[in-house]
Amino acid sequence: MNILLLGSGGRESALARKISESPRCSHLWIAPGNGGTAAYGTNLPDVSPLAFEALEQTVADKAIDMIVVGNEDPLVAGIYDYFADRGVKVVGPSKAAAQLEGSKDFAKDFMSRHSIPTAGHLTVTPDTLEEGYRYLESLQAPYVLKADGLAAGKGVLIVPTLEEARRSLGEMLAGQFGKASQKVVIEEFMDGIECSVFVLTDGRGGYRILPVAKDYKRVGEGDTGLNTGGMGAVSPVPFADREFMDKVEERIIRPTIKGLLDEGLVYRGFIFLGLINVGGDPKVIEYNVRMGDPETEVVMPRLASDLVDLLEAAAAGDLGDLPAEIRPEAAATVIAVSGGYPGSYRKGLPVSGELHPAESIVFHAGTARGADGTLVTAGGRVLAVTSLAATLEEALAKSYRSLQGIKFDGMYFRRDIGRDVL
Ligand code: AMP
Ligand code: GLY
């Protein structure tokens, strides 16, 4: 079948590679793609994942059978519904179900309705500011404030004092994150270690649990400094053992799948559970309606089964008894970022060295090809260097060795990925 993959990051590179390995894939198109994705198919650099009418033309021109959506924006904007109405399979949630990521308030209410463990919360609007202040006073520091809507990963503030929390609440409601913070969700702070669990569901009660991963969000070693899109990831996650994962399935995955069914929320795609382990008990920090980045760069290499079979079955609404087999090897990815990221950084710097190292897979993220075909940087997160090995230690060692052979001006990466869980 002909497949169109939407997106341009490291996640899409990892999905593209896995899709292209399937004998079921006749041709893969990636819109817009990046400087590395053309190795797995054909880039469509001028096609925007958000311009549905133009996409429809591409789907017709290329005889696309299935659309796989990498990032949340097209899903929250309703790409599933747009193409379902036109008879094209889309892997993802309907617009209504995508509100699980598109609105934190919607997600919290969904969890309350289905008794899914998560932090206590109150949603505040400018009209209920006083109630918001009173709720803050009832909580212990630190205070968690979240813009309700999509804010490109920047809409969560964790502040140490009540005074700052009151001020931040006022500023958010006054438009600090534009429309996204017209409503603000105040949450209880949960103390624990986080992990990411991915589920592929067919919208009819069938689901498969994919390898669990942990990402590293802070830019600095020892989890210090500013938040980023993610500086590295490992899979499996040692603390997410059988006992923990049984709790995740029983208390979170099953009620989520059943809740979607009971409420008639059509969902045929990836569910990303951002979880925190609080004293051995999993709680939901957030839902995302897509795969994670950089988690996908460790999850896909560990998936032994044919991804296209699984995606097609999910999009068709029947996973049946298709297996999602996991390789026993561990995987690690380390992200090479532009100097200055997540603040301002330069683009267009030449990338050189060994981009096909024997020990690792180099997934492109923020890269582009210059007019003469040379590879240049084009974003904050530039490359994801993934390795598989019998142990996490060895996978990490391979990625760090491979990184020694890659260069661009200002290149930076964390040297402590995975160290906290080893
Ligand atoms: P989110 O965008 O909801 O995933 O929040 C971003 C990050 O903020 C999460 O990955 C957590 O590290 C942290 N966080 C969010 N909510 C909470 C909470 N209720 N308690 C503790 N940390 C939180
Ligand atoms: N790695 C976290 C995310 O993709 O949102």
Side-chain angles (χ1 to χ4, degrees), residues 7 9-12 14-15 69-73 75-76 100-108 111 116-123 135-136 139-160 165 168 172 177 180-181 184-198 210 212-219 223-235 237 270-279 281-300 333 335 337 342 365 380-381 384 417 420:
R11 166 183 48 212
E12 287 73 29
L15 288 169
V69 188
N71 71 317
E72 64 275 15
D73 293 314
L75 294 165
V76 173
L100 283 179
E101 178 165 1
S103 165
K104 305 253 185 213
D105 178 41
F106 177 92
K108 296 298 285 191
M111 287 185 266
I116 294 167
T118 186
H121 85 290
L122 179 77
T123 300
Y135 186 64
L136 283 173
L139 299 175
Q140 306 281 324
Y143 302 90
V144 182
L145 302 171
K146 301 185 174 184
D148 174 58
L150 292 184
K154 297 192 172 65
V156 175
L157 300 184
I158 299 183
V159 297
S168 295
M172 287 174 88
F177 299 100
S181 64
V184 174
V185 174
I186 305 175
E187 272 188 23
E188 271 170 0
F189 181 80
M190 298 184 287
D191 200 10
I193 184 159
E194 292 173 47
C195 65
S196 307
V197 170
F198 301 96
L210 302 177
V212 55
K214 180 178 193 297
D215 82 342
Y216 292 80
K217 288 207 176 84
R218 302 293 199 93
V219 71
D223 291 329
T224 55
L226 293 173
N227 259 321
T228 70
M231 298 294 292
V234 296
S235 176
V237 181
F270 295 108
I271 307 177
F272 170 162
L273 301 162
L275 302 181
I276 188 160
N277 177 353
V278 182
D281 291 319
K283 293 182 187 246
V284 177
I285 287 189
E286 64 169 350
Y287 285 108
N288 293 309
V289 296
R290 52 176 172 81
M291 289 296 293
D293 193 353
E295 290 96 325
T296 306
E297 292 95 304
V298 290
V299 171
M300 285 303 142
T333 195
I335 312 292
V337 304
R381 293 189 288 174
I417 300 302
D420 60 334

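Because only heavy atoms are used, hydrogens play no part in the values below, and waters and symmetry mates are left out as well, while side chains stay in. Counting starts at 1 for both ligands and their atoms, in listed order.
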Requested in this report: Give a yes or no on whether the backbone of Val289 and the side-chain of Glu101 come within a donor-acceptor separation of less than 3.5 Å.
Outcome: yes

Query raised in the report: In terms of atom number and element, which parts of ligand 1 are under 4.0 angstrom from non-hydrogen atoms of Lys217?
Result: 10 (O)

Query raised in the report: Relative to ligand 1, is Glu286 under 4.0 angstrom through side chain, backbone, both or neither, heavy atoms considered?
Result: side chain

**Report entry** atom 21 (C) of ligand 1: the protein heavy-atom neighbour that sits closest, reported with distance to 0.1 Å
**Finding:** Met190 O, 3.1 Å

**Report entry** Shortest heavy-atom approach to atom 4 (O) of ligand 2 - which of Thr228, Asn288, Asp293
**Finding:** Asp293

Query - For Lys104, the ligand 1 atoms whose distance to one of its heavy atoms is below 4.0 Å - result: 1 (P), 2 (O), 3 (O)

Requested in this report: Quick one: look up the protein heavy atom nearest atom 5 (O) of ligand 2 and list residue, atom name and how far away it is.
Outcome: Arg290 NH2, 2.9 Å

Report task. Quick one: closest heavy-atom pair of Val197 and Leu275, and the distance? Result -> CG2-CD1, 3.6 Å

Report summary line: For Gly292, the ligand 2 atoms with a heavy-atom partner under 4.0 Å come out as 4 (O)

Report summary line: To atom 6 (C) of ligand 1, the nearest of Thr118, Leu145, Val156 on a heavy-atom basis is Val156

**Report entry** Expected output: side-chain Arg290 to main-chain Gly70 donor-acceptor under 3.5 Å
**Finding:** no

Report summary line: Within 4.0 Å of some non-hydrogen atom of Asp215, the atoms of ligand 2 are 1 (N), 2 (C)

Query raised in the report: Counting distance only, does the side-chain N/O of Asp148 pair as donor-acceptor with the main-chain N or O of Asp105 below 3.5 Å?
Result: yes

Query raised in the report: Does any N or O in the side chain of Thr228 come within less than 3.5 Å of the main-chain N or O of Arg218, such that one atom is a donor and the other an acceptor?
Result: no

Query raised in the report: How far is atom 3 (O) of ligand 1 from its nearest protein heavy atom, and which residue and atom is that?
Result: Lys146 NZ, 3.0 Å

Report task. Examine ligand 1 and decide if any of its atoms is less than 4.0 Å from a heavy atom belonging to Ile158. Result -> yes

Query raised in the report: Heavy-atom contacts under 4.0 Å between Glu188 and ligand 1: side chain, backbone, both, or neither?
Result: backbone

Report summary line: Ranking Val144, Leu157, Asp191, Ile193 by closest non-hydrogen atom to atom 17 (C) of ligand 1, top hit is Val144

Report task. Just jot down the ligand 2 atoms closer than 4.0 angstrom to any heavy atom of Glu295, in number order. Result -> 1 (N), 2 (C)

Query - Minimum heavy-atom distance between Pro160 and Ala141, given as atom pair plus value - result: O-CB, 3.4 Å

Query raised in the report: Counting each atom of ligand 1 from 1 as listed, which ones have a heavy atom of Phe189 under 4.0 Å away?
Result: 20 (N), 21 (C), 22 (N)

Report summary line: In this structure, atom 10 (O) of ligand 1 is nearest to the protein heavy atom Glu194 OE1, 2.8 Å

Query raised in the report: Does an N or O anywhere in Ile276 fall below 3.5 Å from an N or O of ligand 1?
Result: no

Query raised in the report: Between Tyr135 (side chain) and His121 (backbone), is there a donor-acceptor pair under 3.5 Å?
Result: yes

Report task. For Thr118 and Val284, indicate whether the former's side chain and the latter's backbone hold a donor-acceptor pair under 3.5 Å. Result -> yes

**Report entry** Donor-acceptor contact present, side-chain Arg381 to main-chain Gly10, <3.5 Å
**Finding:** no

Query raised in the report: For Arg11, does its backbone N or O pair with a side-chain atom of Thr296 as donor and acceptor, under 3.5 Å?
Result: no

Query raised in the report: Do NZ/NE/NH1/NH2 and the carboxylate oxygens of Lys104 and Glu187 come within less than 4.0 Å?
Result: no

